[in-house]
Amino acid sequence: MKDRLRQHIADALQACFSQGLLHSGVTPEIVLELPARSEHGDFATNLAMVLAKAEKKSPRQIAEIVRSALGDAGGIVDKVEIAGPGFINFFLAPGCWFGVLDEITEKGSAFGRSSLGCGMRVQVEFVSANPTGPLHIGHGRGAATGDAVASILEAAGFEVQREYYINDAGNQVNLLGRSIWLRLRELLGETVDFPEDGYRGDYIREIARDLLGGKGLEIAQLPEAEALGVCGLFGMQTVLDWIRRDLQEFGVRFDNWYSERSLYERDMVALELDKLRRKGLTYEDEGALWFRTTDYGDDKDRVLIRSDGTPTYFASDVAYHMEKFERGFHRVIDVWGADHHGYIPRIKAVLAGLGHAPEDLEVLLIQMVNLLRAGEPVTMGKRSGEFVTLRDVVEEVGRDACRFFFLMRRSDSQLDFDLALAKEQSADNPVFYVQYAHARICSINRNAAEQGVEVPKHGEADFSALRLEEEIALAKILARYPEALESAAKQLEPHRIVFYLQELAAVFHSYYNRQRVLTDDAQISRARLYLVNAVRTVLANALLLLGVSTPEQM
RNA sequence: GCGCGAUUAGCUCAGUUGGAUAGAGCGUUGGCCUCCGGAGCCAAAGGUCAGUGGUUCGAGUCCACUAUCGCGCGCCA
């Protein structure tokens, strides 16, 4: 509808030029916005104000000329008003809004999808938590966000890969091994000196017990260095299994699990660093190899290879990101904890050195989650090393509430997550409110079936039976869904979908409360069924992107 | 100290590329069940968009400075 109107305006403008009513020949992009107030019509454009300078006429004069050239825009415009400093306000013919219902019914689950991305290959890398402990609530927010962003991009016509980067090569694996080894010896009755920086969570003891139940006694006989290696590997595999299981139960699926260790096994780090060296992007100083990140806006240069010859984490990360582009992705999106924001300039500097545009890599920062219960902060465990796990929260409030809550705010702003609210079965709980709208429509469908009233098939609804303001309002908000999805895709902001859903649900609940769908008048009943089922389709399409289910009854 | 981000209603937050009288939920106050699921709906009150200056037809939005808060500044990962 918006596009049709835009085209009519563009045509009218051209007509003005060819008839000599306007002279500049300037054709700005025609911006149509949704006015905040209904007195300002359904759409408004600032076209006349933009043209004022080039035309050397007042905006209102220009607006008047454009209006007369536009006429009724092929019947879709009811009324055009010129207001304020020179806005042109369009009031659409009421009936034309219902065309979107046919479109929704025809396209079904494809309604809202677009080809914005033109099949461009994008990688979204997210979670990527170190395999040294269970996923906690912060990882959960990253998981929900990354997954939703990936789904939104898919819906916008990108070809998306979801990747998890496993940090299985660094010191933390050794430390994990040592922590398990010490707990294992503790279980064997020894007194151990547990290091300050060891992993102190109870899960370490759990892993040690598992190991002991298997071949722990043999391990205890091994030389320490060897035993540490076995413990580290076993611990990492155990934790990775937990992570996979938790993510699966959270409804998050990855296309690829990428091992940092494999970078070394394939010599990729050395290979990629060599490329940098040849490009003159590195230098040696004090026995270490440095990257000239300052040439590309970083605060200081960074070490790739330490003076003792071992690579830094940065080195493998550089190789990893270089390889992402070599794998053919045109866009790479990383989802990181917000505390890593200082790391962005470094990685961007590397990519800039390799000739990539800064926007080829986008980093989404995930802010902290404050866990509350009925308004009171939930304390993060008794001992150090303990935190609230994703698993615990999903078990308590369910997957749907969890995912919805994680996505309710912009990802880079802190989030209050109230466990009590997330479980509540009332309108106060936003997840429930939205899902309930869907369930209600399903309930209406069941009643309709019982009464023998059929939902009209595509194109068979009689819109003349839809005359109410609320019905037009519903059609209008449904028509906005593709835009909401598009802006969420452009900005990488899933919360826009959440806000849209809450608004749509509110308009529906309000309508439901005032008007009966199933009435004595079969014609009206059928038309309203058609309308509310379009609502149901859009609710389902949007919830699917967020990874939230669409219950038929609750 | 330097860098990044934030500051919008009592609370938690939205606010598209700069547009007209700044929005929502919660909380507060007051209403609505003969009715497809009241697991819901309607209404009211509530604002110096942190402050100052600038850019322009027009600023919550862009720029500069100030204040406050958060985070980051390893040859850690």
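The sequence lines fix the lettering, A, B, ..., with proteins before strands; numbering per chain opens at 1. Computed from a predicted structure; not experimentally measured.
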Give the rounded distance in Å between these two atoms: [atom1] of [X] and [atom2] of [N].
X	N	atom1	atom2	result
A/Met408	B/C11	CE	C1'	14 Å
A/Phe499	B/C26	CZ	P	13 Å
A/Asp428	B/U12	CG	P	18 Å
A/Asp416	B/U12	CG	P	7 Å
A/Gln414	B/U12	CD	P	11 Å
A/Gln425	B/G38	CD	P	15 Å
A/Glu469	B/C42	CD	P	15 Å

Have a look at [X] and say if it touches a base, only the backbone sugar-phosphate, or nothing, with a 4.0 Å heavy-atom cut-off.
X	answer
A/Ser413	sugar-phosphate
A/Glu81	nothing
A/Ser510	sugar-phosphate
A/Arg409	base
A/Met554	base

| note | Once base and sugar-phosphate atoms are separated, protein heavy atoms under 4.0 Å mark nucleotides 72-77 of chain B, 5' to 3', with B, S and - as S--BSB
| field | Contact state string [nucleotides 15-22 of chain B, B base, S sugar-phosphate only, - no protein heavy atom under 4.0 Å] | value | S-B-BBB-
| query | Syn versus anti for B/C73, judged by chi lying within 90° of 0? | reply |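 Anti conformation for B/C73.
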For the residue pair [X] and [Y], categorise the inter-ring angle as parallel (less than 30°), tilted (30 to 60°) or perpendicular (more than 60°).
X	Y	answer
A/Tyr258	A/Tyr320	tilted
A/Tyr481	A/Tyr500	tilted
A/Phe314	A/Tyr343	perpendicular

| Rounded to the nearest 0.5 Å, how far apart are CG of A/Leu281 and OH of A/Tyr296? |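 A/Leu281 atom CG to A/Tyr296 atom OH measures 5.0 Å (nearest 0.5 Å).
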| task | With C1' as the reference atom in both, quote the distance from B/C69 to B/A22 in angstrom, rounded to an integer. | result |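 Each nucleotide's C1' atom is 24 Å from the other's.
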| said: Against A/Glu471, only a single residue in A/Lys476, A/Arg528, A/Arg514 fulfils salt bridge (Lys or Arg N to Asp or Glu O under 4.0 Å); can you say which? | reply: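 The option that passes is A/Arg528.
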| No-hydrogen, no-angle side-chain donor-acceptor test under 3.5 Å, A/His321 and A/Asp334 |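 Yes.
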| said: Looking only at the side chains, is there a donor atom on one of A/Asn167 and A/Gln172 sitting less than 3.5 Å from an acceptor on the other? | reply: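 Short answer, no.
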